Amino acid sequence: MALPDRGGRDRCDRQLTSGGFRCGGVVVDLNQSGTEVPQDQPPAGERTRDEERTPSGSTPHPAPPRPYLIAAAALCALYFLYAYLRYSHFQSPSWDLGIFEQEVRAYAGFDAPVVDIKGPGYLILGDHFSPLVALLVPLYWIWPSAVALLFAQAALFAGSAVIVGRTAQQILGGRSGLCVTVAYGLSWGLQEAVKADFHEIALAVPLLALVCRALLMERWRAAVLWSLPLVLVKEDLGVTVAVVGALLAVYGRRLQGFLLAAFGVCAFAVTVLVLIPAASSAGTYDYWKKIEENGGQEVSPLDSVLGVLNSSVKLEMLVFLVGITAFMALRSPLILLVLPTIGWRLLSQDSNHWGMVWHYSAILMPVVFLAMADGIRRSRSSKRPWLAAYADVAVPVALAVAVALTQHLPFRELLRPETYRADARTHFAEQALEAIPAGARVETDITLMAHLTGDRTVYWVGGAPGTAPDFVAINRDFGWSRPIDDPVKYAEQLHPEARYRVAREAGSFVVMERTSPEPPAFR
């Protein structure tokens with residue numbers, strides 16, 4: 001069969017193959033009807049779901065799921081092991097794990113999400129708007145413990161690694177996918193989030209990975225659909241959804257982009273101006289104060305803007321955010337998705353929001369790593385030889401950076417034998433827990449909190465006046481502003497309407513039991 005000569009560029013070498021011949025690197029099969037079927041393309045109607053087109057218009061590189069699932073299982077085990085060891089050794093860094101267990105426990109009982117740690121009868125939707133955590137209820141029914149939330153977060157983070165790694169493989173080819181999976185899995189944003197116990201952003205991490213994947217694979221409808229649930233994870237993510245809409249417009253999907261951007265802005269406005277104030281006892285969105293006040297002093301909007309880069313902690317965080325991608329994330333439009341989260345953090349007057357610790361950077365990790373993959377793809381065809389050459393080694397550089405940083409990050413503790421041993425403090429804490437029966441109302445500090453919320457009503461110490469809880473349990477080494485020399489006197493100062501006695505003292509832990517009658521409201 002003769003094929004047309006298109007200006008001499010598509011000449012066929014007529015090398016015979018089984019059932020056809022090779023032309024321009026494509027095997028042409030002559031079937032019985034005489035039609036030509038390129039054998040490197042699947043028949044019509046048989047394209048699999050993963051065979052999207054990359055932004056360059058080429059067919060994605062193969063990325064068998066099995067290696068990524070194995071890597072994800074290993075990462076899940078790593079995350080959960082670290083989180084469980086900290087939990088079992090009573091090393092929770094904040095009250096958040098206890099708060100989220102009370103919230104999920106309420107949903108599991110088909111009750112309003114009341115979180116007594118924030119205050120007796122406190123409706124948590126008046127603090128942060130995160131109703132999507134109700135998706136964890138089936139797991140909590142099976143495993144009613146704070147440990148179930150730690151496992152859920154580990155699984156969600158590991159699942160996002162599959163999405164990020166396979167997408168990088170399909171875009172870049174070679175062995176880049178597994179390298180990106182490991183670099184992403186060890187990234188400082190995820191390690192610090194695991195160290196900080198469970199937070200609602202665990203649900204946003206895989207969602208953002210799916211959004212970025214859909215954008216890179218030019219699956220516009222999927223990008224929209226994966227974006228929508230983000231507004232139910234945390235109120236500020238509505239602005240991130242709006243930026244996804246802006247990116248869709250940049251990519252040429254103007255109507256979809258405009259509608260999604262409008263939805264994101266409206267969702268953010270309705271949530272912080274209507275829904276959260278309606279659920280809050282104060283009738284406002286409290287977190288505006290993080291930007292408007294510093295130590296009780298008002299900060300003008302202009303001063304907030306001028307101070308966005310007024311700290312070396314902020315600059316360090318920004319450098320490491322793109323540095324873990326060998327700075328290739330800066331070559332992709334996807335990097336714009338970090339701006340909403342980075343924006344409110346830099347505007348905040350709370351120094352906890354600025355740096356590399358806590359959980360705030362976890363949602364940025366899938367964005368920057370998939371932006372890196374896109375940036376490398378774009379740079380490979382650059383007219384600047386040095387940039388194209390650097391793009392070829394950027395993935396190994398990112399992997400080397402992730403491994404090198406780990407020796408200064410939380411997971412380094414897993415290499416130390418003492419991490420696995422329970423010390424005397426752990427045994428004393430366990431003895432204190434044994435003195436508090438199931439069903440009791442207990443007021444406590446962070447140390448014991450997440451271990452009590454599963455089957456007791458738990459209040460934050462000093463945050464439940466007038467409740468006269470059954471027990472007050474404290475860790476005298478918790479870090480009080482003033483030493484607690486007389487625990488009973490301290491408990492009775494918190495609750496002058498009640499009397500207490502020491503029920504158990506173990507090391508620095510003291511459990512005090514109420515001896516006076518229970519208040520009528522709690523009988």
Side-chain angles (χ1 to χ4, degrees), residues 87-106 108-109 111 114-122 124 144-147 197 422-523:
Y87 173 84
S88 62
H89 293 167
F90 297 85
Q91 295 174 342
S92 290
S94 74
W95 61 359
D96 290 335
L97 181 58
I99 285 174
F100 282 107
E101 186 185 6
Q102 284 191 336
E103 180 178 3
V104 175
R105 180 183 173 191
D111 296 321
V114 169
V115 173
D116 291 309
I117 290 172
K118 293 281 290 184
Y122 188 93
I124 197 62
S145 166
V147 180
D197 288 339
D423 56 12
R425 174 181 174 277
T426 300
H427 294 305
F428 290 144
E430 291 171 345
Q431 293 174 33
L433 289 178
E434 292 172 358
I436 305 172
R441 294 183 302 110
V442 55
E443 186 171 349
T444 188
D445 58 63
I446 288 170
T447 315
L448 300 176
M449 183 173 289
H451 295 262
L452 293 166
T453 50
D455 55 4
R456 296 140 174 122
T457 300
V458 180
Y459 306 113
W460 166 245
V461 64
T467 59
D470 304 320
F471 293 86
V472 175
I474 62 170
N475 172 15
R476 284 189 287 189
D477 291 342
F478 171 62
W480 307 95
S481 57
R482 288 184 294 178
I484 299 178
D485 298 320
D486 187 340
V488 172
K489 182 179 179 182
Y490 176 70
E492 292 179 350
Q493 286 176 341
L494 294 175
H495 301 283
E497 72 278 8
R499 294 292 175 266
Y500 288 89
R501 68 174 182 85
V502 174
R504 179 75 57 87
E505 187 167 3
S508 63
F509 296 90
V510 182
V511 178
M512 290 154 286
E513 182 179 10
R514 192 189 69 251
T515 58
S516 56
E518 185 176 45
F522 296 96
R523 290 175 185 168

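A quick note: this is a predicted structure, and the numbers were derived from the prediction, not measured.
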* To do: Check each of Asp445, Ile446, Asn475 against Val461 using the side chain to side chain contact (heavy atoms under 4.5 Å, CB included) test, and report the only one that passes.
  =>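 Result for side chain to side chain contact (heavy atoms under 4.5 Å, CB included) with Val461: Asp445.
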* Distance-only, no hydrogens or angles: does the Asp455 side chain make a donor-acceptor pair with backbone N or O of Gly439 under 3.5 Å? ->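 No, the answer is negative, given that no donor and acceptor are paired below the 3.5 Å cut-off.
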* Indicate yes or no for a side-chain donor-acceptor contact from Arg425 to the backbone of Ala422 under 3.5 Å, with no hydrogens or angles considered. =>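 Side chain of Arg425 to backbone of Ala422, a donor-acceptor pair under 3.5 Å: no, none is there.
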Taking the side chain as every heavy atom from C-beta outward, state whether [X] and [Y] have any pair of such atoms under 4.5 Å apart.
X	Y	result
Met512	Pro487	yes
Asp96	Asp197	no
Pro437	Phe471	yes
Arg514	His495	no
Lys118	Glu103	no

* To do: Please work out whether the ring planes of Phe90 and His451 are parallel, tilted or perpendicular, with thresholds of 30° and 60°.
  =>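 Correct class here is parallel.
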* With sequence neighbours excluded, what pairs up with Glu513 under the side-chain hydrogen bond (donor to acceptor under 3.5 Å, both in side chains) test? ->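 Scan of Glu513 (side-chain hydrogen bond (donor to acceptor under 3.5 Å, both in side chains), adjacent residues dropped) gives Arg501.
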* To do: Start with the C-alpha distance between Trp460 and Tyr122, add both sets of side-chain angles, then the distance that settles side-chain contact (heavy atoms from CB on, under 4.5 Å), and finish with yes or no.
  => CA-CA 12 Å; Trp460 166 245; Tyr122 188 93; over 6 Å; no
* Could you walk me through whether Asp423 and His89 pass side-chain contact (heavy atoms from CB on, under 4.5 Å), step by step? => CA-CA 8 Å; Asp423 56 12; His89 293 167; 5.8 Å; no
* Asked: Between Glu505 and Arg476, does at least one N-O distance fall below 4.0 Å, as a salt bridge requires?
  ->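 Yes, this pair counts.
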